[in-house]
Amino acid sequence: MANRINLNQTSFHGAGAINEIANEAKIRGFKKAFVCSDPDLIKFGVTSKVTDVLENAGLEYEIYSDIKANPTIENVKNGVEKFKASGADYIIAIGGGSSMDTAKAIGIIIANPEFEDVRSLEGTAPTKNPCVPTIAVPTTAGTAAEVTINYVITDVERKRKFVCVDPHDMPIIAVVDPDMMSSMPKGLTASTGMDALTHAIEGYITKGAWEMTDMFHLKAIEIIAKSLRGAVENTKEGREGMALGQYIAGMGFSNVGLGIAHSMAHTLGAVYDTPHGVACAMMLPIVMNYNKETTGEKYREIARAMGVEGVDNMSVEEYREAAINAVRKLSADVGIPEKLEAIKEEDLDFLAESTCADACAPGNPRDIDVENAKALFREIM
Ligand SMILES: NC(=O)c1ccc[n+]([C@@H]2O[C@H](COP(=O)([O-])OP(=O)(O)OC[C@H]3O[C@@H](n4cnc5c(N)ncnc54)[C@H](O)[C@@H]3O)[C@@H](O)[C@H]2O)c1
Ligand SMILES: [Fe+2]
């Protein structure tokens, strides 16, 4: 089968990029924006950086903000009703993965109403039409949802997060402006940045990886390893690097898949509402260790991209260890904890079964079963 690559039609990068939104909306003849953003972003004046641009250009919009972190089926359903009543003809998603993923699901259902129950979108649903035209403006440097064909929704009733993979949800325009990310507090910068690193590393070692996606992932690892500490300190270079690095990771993993660090993070998010990036960061070195025998020479390149010196003179065991240690060190330096106290022994069966059933699990280079998944969860208890 041929390798497939899906990317945005257009993307803008760099400080001040949000000013391009008005022009793009006008060129494309859009009349009214349905702005999806979460309540905190509105409160902290992040959303208004973009709505000010719309107002100054005389462009009409309406805000939808019934969106929680780890967004739910209900957030999507309410948004669909609000969109229908709004008279909007395009969507602007402003936020982290939660706002962008909710916007994607709304845009897909508006264009494909037979999926209005939301649950039927899980996996690779056979939608027929592209979503409502969407401009995505990330405010975290993590998920890269602005350039991925994925979105993740939480099923509160069944205590699970489900991944939807559908090229029809691709935003036509991504506006990746580091100034939109500068208000992130340290902890959020660290965890979302580690999510991006997890995308780059899992995407690089996933079963479907190939030459072009390797190029994206290795570059992303290099940029993220160089930039994350600075971003946590809110330096200009750090923010710029993370904005770009997370996007490049998205160009890769969206097209080839991830692995079980993500499966485990989805499960922890659904059961304990653990922030996605924190869960990814905790699981990444543990999962790298679990996968190491199945990755050939790849950990040498990961170690090199992480900035480890002398990798060409290392034995297989040495460079594998070096890659894992470099990830552990970055995670510790940016303040990610190693243990998740919320996990209870009696939940382990459910957590492990959910992990094995997750859409990202088949992409992991080493197979996973319930017993192995339980052992991996025990390492963060
Ligand atoms: N679509 C994809 O490809 C993809 C990939 C990975 C993860 N995800 C999903 O994305 C979600 C996580 O997204 P996220 O990690 O970006 O965080 P998020 O969108 O859940 O936001 C977390 C919190 O950070 C706040 N915040 C965001 N930007 C801010 C800023 N600039 N300043 C101050 N506060 C800010 C938000 O208001 C919110 O309270 C999860 O549901 C995860 O499963 C999606
Ligand atoms: Fe992620």
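Every number for a ligand or one of its atoms is a count from 1 in the order of the listing. Any value given below was found using the heavy atoms of this structure, including those in side chains, with hydrogens, waters and symmetry copies removed.
- With a 4.0 Å cut-off on non-hydrogen atoms, M100 does not touch ligand 1 at all.
- Nearest-residue assignment for atom 25 (C) of ligand 1 (options L188, D40, T198; heavy-atom criterion): L188.
- In terms of distance to the Fe ion (ligand 2), the nearest N, O or S atom of H262 is named NE2.
- Of the protein's heavy atoms, K161 NZ, 2.9 Å lies nearest to atom 43 (O) of ligand 1.
- Residue contacts with ligand 1, taken as heavy atom pairs separated by less than 4.0 Å, involve D38 solely via side-chain atoms from C-beta onward.
- Contacts with ligand 1 closer than 4.0 Å are made by no heavy atom of P275, backbone or side chain.
- Close contacts of ligand 1 with D195, meaning ligand atoms under 4.0 Å from a residue heavy atom, involve 6 (C), 7 (C).
- The protein heavy atom nearest to atom 31 (N) of ligand 1 is T139 O, 3.0 Å.
- Remark: side-chain polar atoms of K128 are not paired, donor with acceptor, to backbone N or O of N112 under 3.5 angstrom.
- At a 4.0 Å heavy-atom cut-off, ligand 1 touches M184 through backbone and side chain alike.
- Contacts of T192 with ligand 1, taken as heavy-atom pairs under 4.0 Å, involve the side chain alone.
- Put simply, H199 gets within reach of the Fe ion (ligand 2), with an N, O or S atom under 2.8 Å from it.
- Remark: side-chain polar atoms of S65 are not paired, donor with acceptor, to backbone N or O of S37 under 3.5 angstrom.
- With a 4.0 Å heavy-atom cut-off, ligand 1 is reached by no atom of T154.
- Backbone and side-chain nitrogen or oxygen atoms of S99 are examined, and none is located within less than 3.5 angstrom of a nitrogen or oxygen of ligand 1.
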